[in-house]
Amino acid sequence: MKNKITLFLICLLFASPACRKSLLNEMPDNNVFIPSTLDDCYNLLDNETIMDRSCGLGELSADDYYFSDSYLPLRSILERNTYLWERDIYAGTQDIYDWNTPYQQVFYCNVVLEALAHLSITDRPADYNNVKAVALFKRSFAFFNVAQLFAPPFNSGNASQNSGIPLKLSSDIHEAITRASLSQTYQQITTDLKQAASLVATATPGTIRNRPSKASVYAMLSRVYLSMGSYPQAGLYADSSLQLHDSLINYNIDISHSSSMPFRVINPENMYNARIPSLQYQCIQPLAGMAFIDSLVYRSYSNADLRKYIFFNLFQTYPRRKGFYDGSNVTLYTGLAVDEMYLNRAECLAREGNTQAAITWLNKLMINRIADSAFTPLKADNALAALRLILEERRKELIMRGLRWSDIRRLNSEGYNIQPKRFTNNQLIILPPRSKLYTLPIPDEVIQRSGITQNER
């Protein structure tokens, strides 16, 4: 079984462009992939080459960093067009990684879920339930990533009328492909996660950080509900996650400020590991990646803020992101971590009008981020002021974590009027808050093969 999986992965990784078809329509014979044991199922789900990958087009679309005029032409057509918010980001190319990868993950999860129906639960009931939990979690993680790019921002008022994404719930390659509504999309994501929470074997993160624990499932539910603007649920699940695992890294004593790789995968804050595998963000060598941090954001870190030195290094005088919780400085961490849950909990409390509790949660995080000699607890006179502080710290804490695009979409839906900007070749480009460009186009090849409707641009 393991050899067959490996051969398939090699085929996917090195196939010619003509062979890289949409994975919604072009999967191999299912019989090749039916796992016969629980260990086979784990082998499929644990494969880091595929299963811990996140999408990169959202990070390209957001406003955390910029490319220099000399570096932008070196990127692919898809990357350039996405970065500049072009209406046609593909321009005839066959580069559909951000569509194919999550649906490949969905395919693996569906294969495992179907295989479980033929395996006995009696021999290893804990492992049986955990395998099911992992498959449901990873399928929902993949669906959520697709929805943040190829479905419009969630709005409860019209979610049942707006188009969501294809919800592939079977490994059957002959199944007709349709787009579920936005409401159905998020209902499937949250249903999968809640079932995973009831089945997962461990309460807290273990040694395999690309397997979920109950704490990380709750964290994912909080992330999903936050993106939906469902703040009571987002706060509830952030609290549930933190009740199980609330360990923070003290940046004063636990981390090297000068290291290019200050974090390791196994650390107190990383609950679930995922990453964007893009070379554009590399910081190992001077010219490997030229994603420079937005200067206004960089200046918002005070000199007493240890994140300024731990998160970034300088190329000449330009700040770039260092390696993070994925233990690498050639990819971007997009997993689930404790600091995100602190911010989610604080934001949701502020939105409930609980000013003091919101600021208390924020200060629990900040005391671990600011130099001991300079830390002064943050204060707010009212819930609105508390929310403003929390969103400012969210911007700084979660920079280049694959979350900013989702945050811009939800906050602009609430009237925050965030306007991402690009300045390239002496031209200023602004992405308006209500633009349809916040929903990326589905790859042309997928539209042609499936017949599903394209997003308006």
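All figures in this text were calculated on a predicted structure; none of them were measured in a lab. Side-chain atoms are counted along with the backbone in the values below, which use heavy atoms only and exclude waters and symmetry mates.
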Item to complete: Could you check Arg223 against Asn344 for side chain to side chain donor-acceptor pair (under 3.5 Å), going step by step and ending with a plain yes or no?
Response: CA-CA 8 Å; Arg223 179 183 288 185; Asn344 284 13; over 6 Å; no
Fill in: Spacing of Asn363 atom CG and Asn368 atom CG [to the nearest 0.5 Å]
11.0 Å
Practice prompt. Flag the pair Val338 / Ser241 as yes when at least one side-chain heavy-atom distance between them is below 4.5 Å, and no otherwise.
Written response: no
Worksheet item: Checking side chain to side chain donor-acceptor pair (under 3.5 Å) for the pair Lys322/Tyr309: CA distance, chi angles, key distance, verdict?
Response: CA-CA 9 Å; Lys322 287 186 187 179; Tyr309 316 104; over 6 Å; no
Fill in: N-O pairing of Asp63 and Arg422 below 4.0 Å
no
Worksheet item: Got a salt bridge between Arg369 and Glu269, using NZ or NE/NH1/NH2 to carboxylate O under 4.0 Å?
Response: yes
Discussion item. Side chain to side chain donor-acceptor pair (under 3.5 Å), that's the test. Do Glu175 and Ser170 meet it? Break it down for me.
Written reply: CA-CA 8 Å; Glu175 181 183 43; Ser170 163; 4.5 Å; no
Fill in: Gap between atom CG of Leu236 and atom CG of Leu221 - 0.5 Å precision
9.0 Å
Practice prompt. Working to the nearest 0.5 Å, report the span between CD1 of Ile399 and CZ of Arg307.
Written response: 10.0 Å
Practice prompt. Kindly indicate whether a cation-pi arrangement holds for Arg80 with Phe67, taking the cut-offs as under 6.0 Å to the six-membered ring centre and within 45° of the axis.
Written response: no
Discussion item. Does any part of the side chain of Tyr108, heavy atoms only, come nearer than 4.5 Å to the side chain of Met51, both counted from C-beta?
Written reply: yes
Fill in: Chi angles and distances behind the side-chain contact (heavy atoms from CB on, under 4.5 Å) call for Ile408, Ser61
CA-CA 10 Å; Ile408 295 173; Ser61 302; over 6 Å; no
Practice prompt. Go through the steps for Asn145 and Arg53 under the test side chain to side chain donor-acceptor pair (under 3.5 Å), then give the verdict.
Written response: CA-CA 10 Å; Asn145 285 338; Arg53 297 305 195 235; over 6 Å; no
Discussion item. How long is the straight-line distance from CG of Leu199 back to CG of Asn130, given to the nearest 0.5 Å?
Written reply: 8.5 Å
Worksheet item: Would you say the side chain of Ser213 lies within less than 4.5 Å of the side chain of His245, judging by non-hydrogen atoms?
Response: no
Practice prompt. Evaluate the criterion ring pair (Phe, Tyr, Trp, His ring centres under 6.0 Å) for residue pair Phe263 and Tyr333; output intermediate values, then yes/no.
Written response: CA-CA 11 Å; Phe263 302 99; Tyr333 175 80; 9.1 Å; no
Worksheet item: Counting heavy atoms not belonging to Lys379, are there more than 12 under 6.0 Å from its NZ?
Response: no
Practice prompt. Assign the ring pair Phe292 / Tyr66 to parallel, tilted or perpendicular, where the plane angle (0 to 90°) is split at 30° and 60°.
Written response: tilted
Worksheet item: Rounded to the nearest 0.5 Å, how far does CG of Leu332 lie from CG of Asp326?
Response: 7.5 Å
Worksheet item: Are any of the side-chain heavy atoms of Ile165 and Tyr103 separated by less than 4.5 Å?
Response: yes
Worksheet item: Which atom names give the shortest non-hydrogen contact between Leu336 and Ser216, and what distance separates them?
Response: CD1-O, 3.5 Å
Worksheet item: Side chains of Tyr65 and Met400: does their closest heavy-atom pair fall under 4.5 Å?
Response: yes
Item to complete: Decide whether a cation-pi geometry holds between Arg321 and Phe311; the criteria are a distance under 6.0 Å from NZ or CZ to the six-membered ring centre and an angle within 45° of the ring axis.
Response: yes
Discussion item. Do Phe137 and Leu193 make a side-chain contact, defined as non-hydrogen atoms from C-beta onward lying under 4.5 Å apart?
Written reply: yes
Discussion item. Counting only heavy atoms not in Gln419 (residues, nucleotides, ligands), do more than 12 fall under 6.0 Å from its CD?
Written reply: yes
Discussion item. Please find the pair of heavy atoms, one from Ser163 and one from Pro152, that lie closest to each other, and give the distance.
Written reply: O-CD, 3.2 Å
Practice prompt. Kindly indicate, with the supporting measurements, whether the criterion side-chain contact (heavy atoms from CB on, under 4.5 Å) is fulfilled by Trp361 and Leu242.
Written response: CA-CA 11 Å; Trp361 277 100; Leu242 290 167; 3.5 Å; yes
Item to complete: Report yes if some heavy atom in the side chain of Asp88 is under 4.5 Å from a heavy atom in the side chain of Pro441; otherwise report no.
Response: no
Practice prompt. Find out whether Asn273 and Glu48 are in side-chain contact, i.e. whether some heavy atom of one side chain is under 4.5 Å from a heavy atom of the other.
Written response: no
Worksheet item: Rounded to the nearest 0.5 Å, how far does CG of Leu149 lie from CZ of Phe144?
Response: 10.0 Å
Discussion item. Just checking Asn417: does its CG atom have more than 12 heavy atoms from other residues, nucleotides or ligands closer to it than 6.0 angstrom?
Written reply: yes
Discussion item. With a 4.0 Å cut-off on N to O distance, would you call Asp339 and Arg401 a salt bridge?
Written reply: yes
Worksheet item: Salt bridge check: are Lys396 and Glu392 linked by an N-O gap of less than 4.0 Å?
Response: no
